[in-house]
Amino acid sequence: VEIYLPIAEMPIDMFLILGMGVAVGFISGMFGIGGGFLLTPLLIFVGIPAAVAVATQGPQIAASSMTGSLAYWRRRAIDFKLASVLLAGGLIGTVIGVLFFNQMRRIGQLETVITLSYVTLLSVVGLLVSFESGRAALAARFSKTPARRKLGGRHHWFEGLPLKMRFHRSGMYVSAIPLVFVSALIGFAGAVLGIGGGFILVPALIYIFRVPANVVVGTSLFQILFTMIAATMFHAATNYSVDLFLAILLMIGGVFGAQFGARAGANLRGEYFRLLLGLLILVVAFRFAADVFGTPIEPFSVTPTETVR
Amino acid sequence: MKGSLGLLLALAAMLLAFAPAGARAQSLIATLSTDRVPILSNFSGERIAVFGVVEPGAGPRPRQGYDVVVSVRGPRGALTVRRKERWGPLWLNLDARRYIAIPAFISILSNRSLDQIAQAEVRDDLRIGIDSLVPPQALARGANDPEFRQALQRIRVRQGLFDERPEAVRFIAPNAFQAEIELPGAAPIGAYDVEVALFADGALATRQSLKFTVHKYAVEQWVADAAHQRPILYGAATSLLALLIGWLASVIFRRD
């Protein structure tokens, strides 16, 4: 059944988009990630203009992080103070990101920027996750306890920075500057690439800031929820690329997929599971790399700049 | 298309009634089955019937018979053609040419191939055929490279937005013809010009211009208008909807 997308100005198979929403929702529910980094490329591969694909990720990620945030909120697993500091950074990053996005679109390098950023981001994250989980899987197989890094006692250089804040819920006393900086970077990436950034924010909070595991996911989801609402607003207001129909289809598919994914994920073993995620990320990275490193079959592309109606 | 045959017969009767018996120069009466194509949420393309009657002049009938070319031209706009080039290990969009007034849709229907109907110079003068409807680049940025213009046409043909269909015009009687314009699902919205040209022995006898518009309908138009005219409200509404769907999901699937 074809449905006409009013902003993308093209017809698309409704079940294809719903199916993609379900599939990515399933994966995101299973791994506890937003899935934007998989959905944006998929949308671009089926012919949705890159600008619309990225801008329409905003509401889709907002919907799924809303569901997640509510669950963590009921369990009181959100550090609201930490989330608001992160949100401040996220908003700064988002504004700069949308401005950059519009500028790149104007000079015709948006696709290249998106492709290159995906290649870099996904290869690094994919390699890290695969390597880490592969090592853990090996360690588990030979029944050795995985080498745990000592977290206490070490001091980071940024701990000497001013503007220190106390976060009771997370039991931290750190400067707000690095927190804002990291979340601004992620907000920037989110606005340009159409990703929530949870898969970068969560490890960053755990490994760099030592936020306890029981609040980290809820806090990150809560922060992503608001960053993505901001991204939706900025994209809608400046480049008119948010497609309501596409967003609705993706949200419905994603919400259902996530529920089944979460159930399926509960029965899988951690290391193998993360190895799988790492490999999945690498596959997406390779697909993008082929676009920018491989000799193109059709080196030309056509972009309409304005139409007289 | 159901009902299209009945419609054609009605058009035929109407047009034949108009054809006077008196001796006049060759003329042409053509019409379209519709002048407004709405895009509904299930839009995946549309067919528009063209029907026409040739009224022969007083002179002898042309030796080769009549030829008809129907040129459909969508809304015109500016576009940029970019070429990826090697840059270190990467392929980047490094070279570009800008074109203005390129139709977003071109479909050329004829009763036989264009080069059998008229010579290249004649067709160029009359702007008949895809190649004649795509002007050379407008802004001189870099040398005029014909490769870009060819690429533009090649890509649009592959997307189904440009096509030439010889034998799409059928003569259903010696002086009456019929054709079907096929609009793809990706047909851009806007005003379309249809030019019906009648050739006799390789020269233009007469031509007639018709029009139709493709417009978004009701909900689609409303959404597109809202997105462009009230962007902040549109963004807020989309965000609220996202929150609502997220909340609903958590209610539906709540397990604790």
Side-chain angles (χ1 to χ4, degrees), chain A residues 1-4 6-7 9-11 58-60 62-71 74-75 108-109 111-112 116 225 228-229 232-238 240 242-245 247-248 251-252 255-256 258-259 291-296 298-309, chain B residues 39-45 75-85 89-93 96 98 101 104 147-148 151-152 154-156 185-186 188-191 216 219-224 226-228 231-232 234-239 241-243 245-250 253-254 256:
Chain A
V1 185
E2 301 249 295
I3 182 165
Y4 189 84
I7 304 297
E9 294 195 345
M10 59 183 285
Q60 141 79 9
S64 60
S65 38
M66 176 75 180
T67 314
S69 299
L70 284 173
R74 282 197 291 262
R75 275 183 252 156
Q109 298 297 346
E111 323 260 323
T112 310
L116 270 184
L225 167 61
M228 282 297 119
I229 287 178
T232 306
M233 296 292 293
F234 288 132
H235 276 299
T238 58
Y240 320 113
V242 179
D243 196 303
L244 183 62
F245 286 12
I248 293 177
M251 284 191 258
I252 294 173
V255 147
F256 278 92
Q259 298 299 326
D291 271 355
V292 75
F293 291 104
T295 309
E298 172 64 89
F300 291 92
S301 64
V302 175
T303 332
T305 40
E306 58 187 280
T307 309
V308 184
R309 281 175 178 155
Chain B
I39 291 187
L40 297 162
S41 56
N42 60 357
F43 183 75
S44 59
R76 282 180 287 192
L79 45 81
T80 306
V81 181
R82 297 197 166 87
R83 180 165 61 191
K84 282 189 179 170
E85 283 169 16
L90 305 174
W91 287 87
L92 301 182
N93 284 331
R98 215 171 115 74
E147 267 193 72
F148 283 86
L152 165 60
R154 185 172 66 234
I155 289 169
R156 284 293 187 247
I189 56 171
K216 288 183 195 169
V219 185
E220 287 69 27
Q221 186 61 54
W222 188 77
V223 170
H228 284 93
I232 298 191
Y234 176 84
T238 311
S239 306
L241 188 75
L243 296 182
I245 291 183
W247 173 75
L248 268 180
S250 91
F253 295 105
R254 189 168 178 175
D256 42 272

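Letters A, B, ... are given to chains in the order of the sequence lines, protein chains preceding strands, and every chain is numbered from 1. None of these values were measured; they are calculated from a predicted model.
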Note to self: A side-chain contact here means heavy atoms from C-beta on lying under 4.5 Å apart; do B:L248 and A:V255 qualify?
What the structure shows: no

Checklist line | Contact class of A:A237 relative to chain B, heavy atoms under 4.5 angstrom | finding: both

Check: In Å, rounded to the nearest 0.5 Å, how long is the span from CD of A:Q60 to CD1 of A:I248?
Finding: 12.0 Å

Notebook entry, point to check: Partners of B:A151 by side-chain contact (heavy atoms from CB on, under 4.5 Å), sequence neighbours excluded?
Noted result: A:F300, B:R154

Notebook entry, point to check: Going from CG on B:L243 to OG1 on A:T67, what distance comes out if it is rounded to the nearest 0.5 angstrom?
Noted result: 10.0 Å

Check: Checking A:L244 against chain B: side chain, backbone, both or neither under 4.5 Å from a heavy atom?
Finding: both

Check: Heavy-atom distance under 4.5 Å to chain A: side chain of B:E147, backbone, both or neither?
Finding: both

Notebook entry, point to check: How long is the span from the CZ atom in B:F148 to the OG1 atom in B:T80, to the nearest 0.5 Å?
Noted result: 11.0 Å

Notebook entry, point to check: If you count heavy-atom pairs under 4.5 Å with chain A, which of B:A237, B:P231, B:A236 comes out on top?
Noted result: B:P231

Next item on the list: Sort out for me which of B:V81, B:L152, B:I155 touches chain A most, counting heavy-atom pairs under 4.5 Å.
Entry: B:I155

Next item on the list: Among the options A:G68, A:S301, A:A247, A:A62, pick out the one with the most heavy-atom pairs lying under 4.5 Å from chain B.
Entry: A:S301

